[in-house]
2 protein chains.
Amino acid sequence: MSPKILDSAELDAREQVMLRSAFQLIAEEGVSGLTIDKLVNRIPYSKGTVYNHFSGKEDLLTGLCIEALEHLSHLFQRAAAYPGNSRERITAIGFAYMLHAQINPVAFMLVITAKTPSIWEKTSDKRQQAYQQKEDQLLQVFLQVICDAISVGDLSLPASFSESDVAFALWANCFGTIALLQEDLERCAVRQNIEMEPAVLRHCSLLLNSFGWLPLHQNPEPTIEQLKTGLFKAEIEQLEQRLTAKGQPL
Amino acid sequence: MSPKILDSAELDAREQVMLRSAFQLIAEEGVSGLTIDKLVNRIPYSKGTVYNHFSGKEDLLTGLCIEALEHLSHLFQRAAAYPGNSRERITAIGFAYMLHAQINPVAFMLVITAKTPSIWEKTSDKRQQAYQQKEDQLLQVFLQVICDAISVGDLSLPASFSESDVAFALWANCFGTIALLQEDLERCAVRQNIEMEPAVLRHCSLLLNSFGWLPLHQNPEPTIEQLKTGLFKAEIEQLEQRLTAKGQPL
DNA sequence: GACTATTTTTGACGGATCGTCATTATAAGA
DNA sequence: TCTTATAATGACGATCCGTCAAAAATAGTC
């Protein structure tokens, strides 16, 4: 039935099937619901074949994370290409990060836990490298906007801050805000009825102001409505669909 | 051998024994190394007895998180009582958060993952409540310092910011910085040779300045050396011991 | 087409872990 | 001493993981 020599297109297609089914399984039953046996029952391949593609459950999870990073990377690149000033663009990236986390909360949490030793150690070298590469891509987008801002004069680096430091400060701030407000972490004491979207934007504004990133704005950033009805219109609609009918795959 | 009717002191003592051994097991073999069977082999109680105390492995993990939050709570309270101005005190809390994460990195990561559905759902109601309570305690310390700062005049709330919003912004910022620089997440692209201590302090300074929290400082906050040689002397030493000889329990 | 060699797929198996529960052990009271 | 309530035990069934020897499928050769 199957060809003797498998071309990489066929292999990729299979991997996609496996990742899709794994994702769906997680969407239905949570991360702990993902089981190799259950997965095998849903796909036209056997357990052994799955293990030809993934070194184990953890490798599969990292595979899903890589897909999530790809999704995020697309959003970032679109945000970075937003036709506005540098402050609007960096804000758009933060906004994109938040959108991603809301559209795909499970993947967002997965990425956090993917680097813990219990998962990372069991990830194949091949996929570890692929993951790192995607992560680098993301950082590059961030850095590009920062460098642009500097060259245009919108931003001048504070003493003892490198471009990377600025990128990291913004990233950590967005990440912390999103992570603590993530729906998975319901009923956190820290988050008392705080809405994610305004919080992320407020925190971005605070930090950008602190860097003296021009043009200085009061929060909320005025450009947000444009992002929601323009650049990220599709994602916003996708998000609203999610809120009405839950449980559908990415 | 055992008394017929167990008083709560005896029960608490047992729970401590179990938690200690679980902690040690994790320190030796990582979170995935914690196994009920292995735990049972190390303590003078049987599996059934363990299950009389904890509803399962996840409940045990949450139990460890509660202990971690208690540790953190002590640090926070000491920081909040630091005899300095309000800005120094809030900075001391952020510093304490970082110290805690460095002294007990596994617990820090555990607390992140504890709220994910796969763990939280399997946690007993009793322990869920205990956890929430500890979390509330932490937030209260934060809020107290913020309210003090306002009443003293060091801080005036920005428009559309409540006290909780300020607390959350600071918390999220510290959390994000620490989490991304956590040693468990080695080789993150975002963190290129960035040291945790200066990063946390820089980010705190940025945010405090953005709030106009008086007295305005350049980073690094000048009070840090005092914290390291005074208030948190013991913890700093503990940390240095950890760096030289790894693997010893909290 | 028959036969061989090579590649690929398969799922049964051993090992490990979980959580339960019938059984055993212990202590208090009569 | 004997009964009874309480607590501790660990054997057991169920589940899941990852492996590997056997089976299936294909390509090549005559």
Side-chain angles (χ1 to χ4, degrees), chain A residues 1-18 21-22 25-26 28-64 117-127, chain B residues 1-18 21-22 25-26 28-64 117-127:
Chain A
M1 185 178 294
S2 294
K4 179 175 180 180
I5 291 181
L6 298 167
D7 56 346
S8 77
E10 167 72 15
L11 289 177
D12 283 353
R14 283 187 190 177
E15 212 158 288
Q16 273 305 309
V17 170
M18 296 174 187
S21 293
L25 207 41
I26 290 179
E28 293 170 16
E29 308 185 32
V31 178
S32 59
L34 174 60
T35 284
I36 301 291
D37 289 319
K38 278 192 223 164
L39 176 66
V40 167
N41 285 337
R42 293 191 173 203
I43 60 179
Y45 309 106
S46 72
K47 188 184 283 200
T49 302
V50 171
Y51 276 93
N52 281 343
H53 285 263
F54 299 94
S55 69
K57 189 182 183 177
E58 291 78 9
D59 204 30
L60 200 50
L61 289 177
T62 302
L64 288 173
S118 54
I119 295 199
W120 191 247
E121 287 168 358
K122 296 176 185 167
T123 297
S124 63
D125 292 348
K126 187 188 78 178
R127 227 166 294 269
Chain B
M1 184 177 293
S2 296
K4 179 175 181 179
I5 292 181
L6 299 168
D7 56 347
S8 76
E10 168 72 15
L11 288 178
D12 283 353
R14 283 187 189 178
E15 213 158 287
Q16 273 304 311
V17 170
M18 296 174 186
S21 292
L25 208 40
I26 290 178
E28 294 170 14
E29 309 186 31
V31 178
S32 58
L34 174 60
T35 284
I36 302 291
D37 289 319
K38 278 193 223 163
L39 176 65
V40 166
N41 283 339
R42 293 191 174 202
I43 59 179
Y45 309 106
S46 72
K47 186 184 283 198
T49 302
V50 171
Y51 275 93
N52 282 343
H53 285 263
F54 300 94
S55 68
K57 189 182 182 176
E58 290 77 12
D59 204 29
L60 199 52
L61 289 176
T62 302
L64 287 173
S118 54
I119 295 200
W120 191 247
E121 287 168 0
K122 297 176 186 167
T123 298
S124 64
D125 293 347
K126 187 188 77 179
R127 227 167 295 268

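Labels below follow one simple rule: chain letters A, B, ... track the order of the sequence lines, proteins then strands, and each chain is numbered from 1.
- Checking the phosphate oxygens (OP1, OP2) of dT8(C), no side-chain nitrogen or oxygen of Arg14(A) falls inside 4.0 Å.
- Rounded to the nearest 0.5 angstrom, Met18(A) CE and Leu60(A) CG are separated by 9.0 Å.
- Partners of Glu121(A) by salt bridge (Lys or Arg N to Asp or Glu O under 4.0 Å), not counting sequence neighbours: none found.
- End-to-end axis angle of the helix from dG1(C)-dC30(D) to dA30(C)-dT1(D), using five pairs per end and rounding to 10°, comes to 30°.
- Take Leu11(B) and apply the side-chain contact (heavy atoms from CB on, under 4.5 Å) test, not counting sequence neighbours, and it matches Leu6(B), His53(B).
- Contact check for Val17(A) versus Tyr45(A): side-chain heavy atoms found under the 4.5 Å cut-off.
- Leu39(B) has its CG atom 15 Å from the C1' atom of dG10(D), to the nearest Å.
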Shorter than 3.5 Å, N or O on both sides, protein versus nucleotides 20-24 of chain D: list them out with atom names.
none

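- Applying the salt bridge (charged side-chain N to carboxylate O under 4.0 Å, His left out) test to every pair with at least one member in residues 41-51 of chain B, sequence neighbours left out, gives these pairs: Glu28(B)-Arg42(B), Asp37(B)-Lys47(B).
- Not a single side-chain hydrogen bond (donor to acceptor under 3.5 Å, both in side chains) links Thr35(B) to another residue, sequence neighbours left out.
- If you measure from atom OH of Tyr45(B) to atom P of dG10(D), you get 14 Å, rounded to the nearest angstrom.
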| With the sugar-phosphate defined as primed atoms, P, OP1 and OP2, and the base as all remaining atoms, what B/S/- string results for nucleotides 11-17 of chain D, 5' to 3', for protein heavy atoms under 4.0 Å? | -----BB
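- Under the side-chain hydrogen bond (donor to acceptor under 3.5 Å, both in side chains) criterion, Lys57(A) pairs with no residue at all, not counting sequence neighbours.
- We find that CD of Glu29(B) is positioned 14 Å from C1' of dT17(C), with the value rounded to whole Å.
- The side-chain contact (heavy atoms from CB on, under 4.5 Å) test applied to Ser118(B) returns Ser32(A), Thr116(B), not counting sequence neighbours.
- In this model, the phosphate group of dT9(D) is approached by a side-chain N or O of Ser46(B) to a distance below 4.0 Å at OP1 or OP2.
- Put simply, CG on Leu60(B) is 15 Å from P on dT17(C), counting in whole angstrom units.
- The two residues Thr49(A) and Arg14(A) make their nearest non-hydrogen contact at CG2-NH1, 3.9 Å.
- With a 4.5 Å cut-off on side-chain heavy atoms, Ile36(B) and Phe54(B) do not count as touching.
- In this structure, the CD atom of Glu10(A) is 18 Å from the P atom of dT7(C), given to the nearest Å.
- Annotation: side-chain hydrogen bond (donor to acceptor under 3.5 Å, both in side chains) contacts of Lys122(B) (sequence neighbours excluded): none.
- For the pair Thr49(A) and dT10(C), the criterion of a side-chain N or O lying under 4.0 Å from OP1 or OP2 is met.
- One atom, CG of Asn52(B), and another, C1' of dG19(C), lie 12 Å apart when rounded to the nearest Å.
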